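Naming convention: chains lettered A, B, ... in sequence-line order (proteins, then strands); numbering from 1 in each chain. Both backbone and side-chain heavy atoms feed into the values below; hydrogens, waters and symmetry mates do not. Note that the coordinates shown come from a computational prediction; the quantities given were computed from them, not determined experimentally.
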There are 2 protein chains.
Amino acid sequence: MAEISEAALQLFEDRGLEAATVEEIAAAAGVSQRTFFRYFATKEDAALPVHREFEDAVEAAVQQADPDADPCTELATVYLRVLQDFADHACPAAQRMLRVSRLVRREPLLRSALVRHGAARNSRLLQALQARFGPSGAADLQLRVAVELCTSLARAAVETWAERLEAGREAVLPDIFADAQLLAQRGRSGHLPAVP
Amino acid sequence: MAEISEAALQLFEDRGLEAATVEEIAAAAGVSQRTFFRYFATKEDAALPVHREFEDAVEAAVQQADPDADPCTELATVYLRVLQDFADHACPAAQRMLRVSRLVRREPLLRSALVRHGAARNSRLLQALQARFGPSGAADLQLRVAVELCTSLARAAVETWAERLEAGREAVLPDIFADAQLLAQRGRSGHLPAVP
DNA sequence: GCCAATATGGCAGATACTGCCATATTGGCA
DNA sequence: TGCCAATATGGCAGTATCTGCCATATTGGC
């Protein structure tokens with residue numbers, strides 16, 4: 001599985017996402033095409049197991065969140081912590097994430113796949129939140145916003161992180177995420193219609 | 001094009017997204033399969049021209065935004081206005097949007113396609129914002145956050161809107177969007193690490 | 001009535017992806 | 001060690017999505 005993903009990343013980097021066929025990837029990884037599709041539902045998914053790990057970590061951490069606190073804040077804290085884990089260790093995960101992010105930047109189709117992949121995850125995350133924070137009637141919007149907000153900010157943060165590193169600038173992923181969160185909150189505008 | 005989309009919606013509703021083939025859709029719309037793919041890049045896209053209209057409207061409205069104001073606030077205002085246009089008129093667009101949203105709820109693959117579609121749009125929107133609000137060096141994160149935030153909140157709002165209507169509750173789309181925005185801002189937490 | 005531009009159709013073909021069955025590999029357990 | 005069940009892998013045929021190419025129809029101005 002790691003071999004397949006590695007082969008896929010290599011080929012995507014070398015000859016582009018569309019030019020690389022599943023057959024080539026499978027051959028490069030030393031497995032059959034059929035086996036490839038047992039591990040990855042689509043060609044693009046082969047580049048994204050790092051994100052899967054990340055989201056697994058988030059999902060696990062949500063189980064320990066404080067059920068009485070504000071869901072949005074709790075989820076943001078979870079994300080921040082997981083981001084720190086990924087970034088701190090100078091661990092291989094961060095390296096792979098950066099590698100994928102570079103690919104995502106120049107391959108719109110891969111970015112679509114990433115977001116698409118996130119969409120499926122968001123549903124699961126929403127259910128996990130509902131289980132933890134209770135399906136209080138009016139909270140449908142609140143939990144949805146928490147999920148969409150945090151995943152979007154995380155994505156924006158990762159992309160900005162990758163972009164800055166590529167431009168030779170310094171960039172600390174958790175800091176960027178915190179920045180993004182502040183930016184999202186600052187847009188508090190006075191002229192939006194009041195809500196009952 | 002409208003006929004193709006209508007036929008696609010009908011078939012998706014009747015026999016499900018995966019069971020309906022492009023050949024059937026094309027036949028139902030009275031065109032060839034080849035023509036279908038001239039108008040829609042993928043089968044799923046045939047259900048999403050309403051969203052395309054919506055995003056076109058947003059993109060157009062961004063051209064009139066105040067370049068000196070806060071981008072995030074400006075973009076949110078644009079979204080709110082376009083949402084009002086779509087909802088106010090009791091126009092067919094709102095009806096179609098609702099119809100698609102119902103499909104999206106029970107067809108995860110369609111939701112993926114929707115998000116994937118949005119991903120491509122976000123890139124364009126980001127460029128439009130950069131053109132309007134200027135590529136001021138440190139603003140890369142700010143504009144990205146604005147885009148991700150607004151599109152995510154809009155998606156959450158539309159889904160909640162559809163869900164509430166389906167449950168027989170009252171629901172006003174622009175109000176829900178404003179609600180979502182407030183919820184996103186309320187998560188201002190004190191214990192996040194300070195950012196330089 | 002003519003011509004250019006554009007829309008559509010038909011067809012062959014590449015690639016992604018799935019179902020089914022056979023075979024290999026693994027990992028306990030007697 | 002030898003055996004058996006569970007699991008991983010391979011092969012292959014088939015379907016569906018999507019594209020390139022060329023021919024034909026349709027439209028719209030002059």
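Here the side chains of A/Thr42 and A/Phe37 are not in contact, with every heavy-atom distance at 4.5 Å or above.
Here the nucleotide nearest the side chain of A/Thr35, chosen from D/dT9, D/dT19, C/dT18, is D/dT9. The side chain of B/Phe37 has D/dC18 as its nearest neighbour among C/dC11, D/dC18, D/dC12.
Atom P of nucleotide C/dA16 and atom CZ of A/Arg116 are separated by 14 Å, given to the nearest angstrom. Between A/Asp45 atom CG and C/dC17 atom C1' the separation is 12 Å, expressed in whole Å. In this structure, B/Gln33 places its CD atom 13 Å from C1' of C/dA12, rounding to the nearest Å. Atoms CZ (A/Arg34) and P (C/dT23) sit 17 Å apart, rounded to a whole Å. Per the geometry, CZ belonging to A/Arg38 stands 8 Å off P belonging to D/dG10, to the nearest Å. Atom P of nucleotide C/dA7 and atom CZ of B/Phe40 are separated by 14 Å, given to the nearest angstrom. In this entry the distance linking NZ of A/Lys43 with P of D/dT17 reads 18 Å, nearest Å. Residue A/Glu23 contributes atom CD, which lies 13 Å from atom C1' of D/dG11 at whole-angstrom precision.
Atom CD of B/Gln63 has more than 12 heavy atoms from other residues, nucleotides or ligands within 6.0 Å. Other residues, nucleotides and ligands place no more than 12 heavy atoms under 6.0 Å from the CZ atom of B/Arg81.
Other residues sharing a hydrophobic cluster with A/Val172 under the 4.5 Å side-chain heavy-atom criterion for ILVMFWY residues do not exist; the residue is a singleton.
Base pairing of D/dA25: its partner is C/dT6, meeting the Watson-Crick or G-U wobble criterion (both donor-acceptor distances under 3.5 Å). If you check D/dC30 for Watson-Crick or wobble pairing at under 3.5 angstrom, you find it paired to C/dG1. Across every strand in view, D/dA13 sits in a pair with C/dT18 that passes the Watson-Crick or G-U test at under 3.5 angstrom.
Applying the salt bridge (Lys or Arg N to Asp or Glu O under 4.0 Å) definition to pairs two or more places apart or across chains, none involves residues 38-48 of chain A.
At the heavy-atom level, A/Tyr39 lies under 4.0 Å from the strands shown only through sugar-phosphate atoms.
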